[in-house]
Amino acid sequence: MIKNLLLFLLFFVPPISFAQVTDLPAVNAKGQVEIPASLKKLLAGTPYAHMAPMEREIFSKDVLNLFSEKNTSPSLVRGDFNGDGKMDAVVLFKNKEEAVALSFLSSGDSFKVVEMERYPLNKNKSLQETYLSLLEQKEVSFKGKKIKSKRDLIQEETLGGAVVAFFFNGKSYQRYKGVVP
Amino acid sequence: MNRLKWILIFGFLSAGAAFGFTVANPPSDSGNSSDFRISPYVPTVTGSSSLQGSMYLGASCERSHDEFRCMLCNCMREAAGEPYEGKKMVGLVVKTRVEDPRWANDICGVIYEYKQFSWTTYRSDRRNLPSHPNENYNECVRATQETINAPGNGVNHYHADYVHPAWRKDYKKVIQIGHHIFYADKGAPVRLSTGSGSTMDSGASR
């Protein structure tokens with residue numbers, strides 16, 4: 001009986017799509033965020049094509065200490081942001097003047113690119129202290145009450161300062177103020 | 001007609017300044033904003049700042065050098081809806097930071113520092129102060145009056161209870177008031193006192 005059940009699970013449960021995970025931005029052994037070729041293709045022809053993920057070195061030591069685990073980075077957060085049960089990612093990109101938080105949201109077998117937030121880099125400080133972190137579905141609350149959320153939220157934090165949570169409303173990102181789809 | 005209206009307003013303001021009108025103290029022992037009532041303006045012999053609140057009605061919250069306005073805007077944007085003690089604590093966080101060389105050395109500098117208070121980051125959040133006083137505004141005026149010249153109390157960070165910043169692990173949790181959770185540097189002394197002057201437990205959970 002158990003053997004049959006195991007055989008059933010082995011052959012009939014659809015396998016987890018590893019392709020979608022490997023197609024997402026990930027942190028390499030050096031701690032840098034890498035954008036897979038398939039996503040670079042998506043960015044080609046967009047204003048983001050020439051932007052690069054923020055290098056690890058740009059963040060202050062205090063920020064990096066918060067991300068001491070392997071496979072984590074202050075410029076990358078992964079979770080289910082559109083509520084479809086698949087993994088998505090948000091990456092902090094930058095050019096000379098500003099930072100752009102860009103999300104890669106699963107859409108069928110592919111991804112779509114949606115800008116989450118844009119802000120000027122702090123010219124007064126050479127090291128970046130604004131970074132991304134995850135607010136999991138199970139942690140979503142407001143005024144002391146749990147809020148049922150079908151999706152994870154993204155926090156944009158500045159070390160010891162402002163913390164703004166964003167959610168994807170199906171079209172764009174909004175700041176979280178107690179209501180989430 | 002208009003001229004007459006302005007003469008009357010000017011006359012009223014002058015009389016107020018001369019008598020030193022003030023807002024009555026909120027009940028300080030409860031720390032509960034629901035107990036707070038604004039009494040009619042009462043002339044006092046101490047001449048304490050009086051019409052300060054009405055001076056700022058409708059004022060801009062764009063960056064300025066007016067420390068009272070900076071504190072008042074910060075209170076309204078950060079702590080409206082929070083208990084009175086929570087409003088005061090937000091002011092004391094600013095004062096603690098002013099005394100700490102890691103932040104700017106003046107009130108407006110601390111408040112408008114890059115991405116430290118989220119409302120200063122978003123233009124839409126920097127809207128003017130209300131044109132008409134309400135309970136939150138009156139409490140913020142009072143909280144600002146009580147904290148603007150007070151020393152900091154060691155509490156230098158806080159966040160709303162619906163976010164879970166990674167940075168909170170670096171600090172010592174001191175107290176939750178309303179929906180704000182307040183922190184201090186690990187190992188640093190914290191002086192908490194209620195409105196009645198009694199000291200609250202500063203035994204922080206870490």
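The analysis underlying the following values was restricted to heavy atoms, covering all of them including side chains, and did not include hydrogens, waters or symmetry mates. Numbers restart at 1 for each chain; the letters A, B, ... are given by sequence-line order, proteins then strands.
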### Message
Report which part of A/L132 has an atom under 4.5 Å of a heavy atom belonging to chain B: side chain, backbone, both, or neither.
### Response
neither
### Query
A/V163 and B/W167: which non-hydrogen atoms are nearest, and at how many Å?
CG2-NE1, 3.5 Å
#### Entry: Per-residue contact mode, A/T130 against chain B (heavy atom under 4.5 angstrom)
side chain
### Query
Which members of residues 120-129 of chain B, sorted by number, sit under 4.5 angstrom from chain A on a heavy-atom basis?
B/Y122, B/S124, B/D125
### Task
Return the set of residues passing salt bridge (Lys or Arg N to Asp or Glu O under 4.0 Å) with B/E78 (not counting sequence neighbours), or none when no residue passes.
none
### Query
With a 4.5 angstrom heavy-atom cut-off, which part of B/H157 approaches chain A: side chain, backbone, both or neither?
side chain
### Query
Tell me, which pairs form a ring-ring contact (aromatic ring centres under 6.0 Å, His included) where one or both residues lie in residues 158-181 of chain A, sequence neighbours left out?
A/F168-A/Y173, A/Y176-B/Y162
### Query
Does A/E139 use its side chain to pair, donor to acceptor, with the backbone of B/H164 at less than 3.5 Å?
no
## Note on the structure
All heavy atoms of B/D161 vs all of A/G144, minimum pair found to be OD2-N, 3.6 Å
### Contact listing (chain B partner; residues 42-61 of chain A; heavy atom under 4.5 Å)
none
### Query
Considering only heavy atoms, which portion of A/L66 lies under 4.5 Å from any heavy atom of chain B: side chain, backbone, both, or neither?
side chain
### Query
Using 4.0 Å as the upper bound for N to carboxylate O, is an ion pair formed by B/K115 and A/E156?
yes
### Query
Can you say whether B/N156 sits under 4.5 Å from chain A via the side chain, the backbone, both, or neither, judging by heavy atoms?
neither
### Query
Given that the side chain runs from C-beta out, which part of A/Q155 has a heavy atom under 4.5 Å from chain B: side chain, backbone, both or neither?
side chain
### Query
By a 4.5 Å heavy-atom criterion (distance strictly below it), what part of B/R102 contacts chain A: side chain, backbone, both, or neither?
neither
